[in-house]
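Residue numbers count from 1 along this sequence. Computation of the quantities below employed the complete heavy-atom set of this structure, encompassing side-chain atoms and omitting hydrogens, waters and symmetry-equivalent molecules.
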Amino acid sequence: TIAPKSRQLVIEYLQTQNPEKRARITNRTGWHGAGDELVFVLPDGSIGQSDDEWLFSESKPDSSLFRQRGTLKQWREHVAALCVGNSRLTFAVSVAFAAPLLHLIEMESGGFHLRGTTSSGKTSALTVAGSVCGSPEYLQRWRSTDNGLESTALSHCDALLTLDELKMIDARIAGESAYMLANGAAKVRANVSGGARSTAKWRLLFLSAGELSLAQHVAEAGKKTPAGAELRMADIPADAGQGLGCFENLHNFNNGHEFAKALNAAVNKHYGAAFPAFIEQVLKHRETLRESLFDARQKFEKATLTNAASGQAQRVAARFALAGAAGELATDWGITGWQPGEAMQAAMTCFKAWLQAFGGEGNKEERAMIEQVRHFLEL
């Protein structure tokens with residue numbers, strides 16, 4: 001509290017001081033610095049050793065999504081344990097661990113979209129994945145303008161972004177928004193003097209859910225989705241084929257509804273501890289990570305694709321492989337409590353489901369041309 005007459009003295013003090021210590025400010029979460037100075041900045045602090053002090057600054061200081069409740073052991077026993085035997089849940093959690101690895105292997109951003117009927121467990125999968133990083137409020141909605149999505153992407157840089165209800169975004173901008181998130185850069189805007197403002201940039205993996213695929217949603221506005229947008233947001237059928245929606249193993253619960261309720265109850269009590277634990281291990285092992293992730297990608301492609309696979313299929317396979325490898329790393333480091341191989345198997349299952357829905361490992365444009373000719377002949 002400052003006495004009215006002392007206000008001028010405070011201003012004078014601030015203007016005459018010249019502190020030697022400096023801190024860096026950023027409005028973007030994720031990796032900052034380089035080499036031995038690499039740190040991971042979160043709203044409540046940073047992980048890693050650096051001579052520079054990093055501070056996160058955002059216009060909404062009380063809205064940190066990366067909150068914690070409960071211990072890592074509790075999250076492992078009550079949340080991660082329920083993912084076992086469920087390919088979509090295991091894969092969704094693995095994607096959360098994969099996001100901070102993009103920077104280390106210089107891989108582009110991208111997304112996955114769980115498509116299925118209502119009440120099939122899609123939102124539960126997104127909430128469980130979000131529990132790696134923060135509270136149930138971590139779940140975002142597609143209902144936004146493209147400008148709004150830019151600031152959301154910045155606050156989830158190098159982390160998982162979960163977006164529910166694809167139908168909530170205007171069909172006319174849905175394709176461009178998916179492109180923007182995956183390309184990792186905001187629109188170029190002019191500043192007051194007419195020059196270009198510095199463009200916001202990010203790296204992230206996003207996990208989306210909806211009743212329609214991106215192509216179906218965009219088609220409602222009478223537009224076509226380019227194959228590039230469909231590759232950037234890989235469409236995975238949410239139905240795991242067991243008649244239980246997203247689920248395959250109900251862990252002794254009577255039905256999918258009961259199991260989803262149990263998942264949501266567990267996620268409300270235990271969240272946010274796994275992500276910092278994973279980042280600390282990444283910093284410890286960062287010298288060897290690039291090589292082991294490259295090996296995992298090669299093994300994944302060998303197991304899921306033939307030599308005739310197009311560049312499009314290989315590009316998406318690399319993203320699925322990263323998610324599977326990240327889940328395996330989290331298992332090796334004692335974070336998930338899963339059996340070795342479980343995360344990679346879930347990634348392969350989801351990739352095969354994507355490949356089937358995509359129409360095979362050839363180029364989408366070639367199939368579209370043949371489809372168009374066939375359609376013309378039928379007419």
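Checked against a 6.0 Å centroid threshold, the rings of Phe275 and Phe97 do not count as neighbours. In this structure, Trp75 has its ring center at least 6.0 angstrom away from the ring center of Tyr271. In summary, the aromatic rings of Phe112 and Phe206 are positioned with their centroids too far apart to meet the 6.0 Å limit. Taking the centre of each ring, Phe40 and His32 stay at or above the 6.0 Å mark.
A salt bridge between Glu220 and Lys167 is absent, with no side-chain N of the basic residue lying under 4.0 Å from a carboxylate O of the acidic one. Note on Glu176 versus Lys223: salt bridge recorded, some NZ/NE/NH1/NH2 to OD/OE distance being below 4.0 Å. The pair Lys284-Glu280 does not meet the salt-bridge criterion, since no charged nitrogen lies less than 4.0 angstrom from a carboxylate oxygen. No salt bridge links Glu53 with Arg22; every basic N to acidic carboxylate O contact stays at or beyond 4.0 Å. Between Arg232 and Glu108, no side-chain nitrogen of the basic residue sits less than 4.0 Å from a carboxylate oxygen of the acidic one, so the salt-bridge criterion is not met. The pair Lys122-Glu211 does not meet the salt-bridge criterion, since no charged nitrogen lies less than 4.0 angstrom from a carboxylate oxygen.
Between Ser131 and His270, the side chains place no donor N or O within less than 3.5 Å of an acceptor N or O (distance only, hydrogens not considered). The closest side-chain donor-acceptor pair between Ser87 and Glu248 falls under 3.5 angstrom. Counted by atom type alone, Asn268 and Arg69 present zero donor-acceptor pairs between their side chains at under 3.5 Å.
Residue pairs meeting the ring-ring contact (aromatic ring centres under 6.0 Å, His included) criterion with at least one partner in residues 207-237, sequence neighbours excluded, are absent.
Counting heavy atoms of neighbouring residues, nucleotides and ligands inside a 6.0 Å radius, atom CZ of Arg24 does not exceed 12 of them. Counting heavy-atom neighbours within 6.0 Å of Gln49 CD, excluding the residue itself, gives a total of 12 or less.
Here Phe247 pairs with Phe259 under the ring-ring contact (aromatic ring centres under 6.0 Å, His included) rule; sequence neighbours left out. With sequence neighbours excluded, no residue forms a salt bridge (Lys or Arg N to Asp or Glu O under 4.0 Å) with Arg28.
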Open item on the list: Apply salt bridge (Lys or Arg N to Asp or Glu O under 4.0 Å) to residues Arg297 and Glu301 and explain how you reach the verdict.
Closed with: CA-CA 6 Å; Arg297 175 180 170 175; Glu301 286 185 11; 3.2 Å; yes

Open item on the list: Working note: Asp164 + Trp142, criterion side-chain contact (heavy atoms from CB on, under 4.5 Å); need CA distance, chi angles, decisive distance, verdict.
Closed with: CA-CA 6 Å; Asp164 201 10; Trp142 272 105; 6.0 Å; no

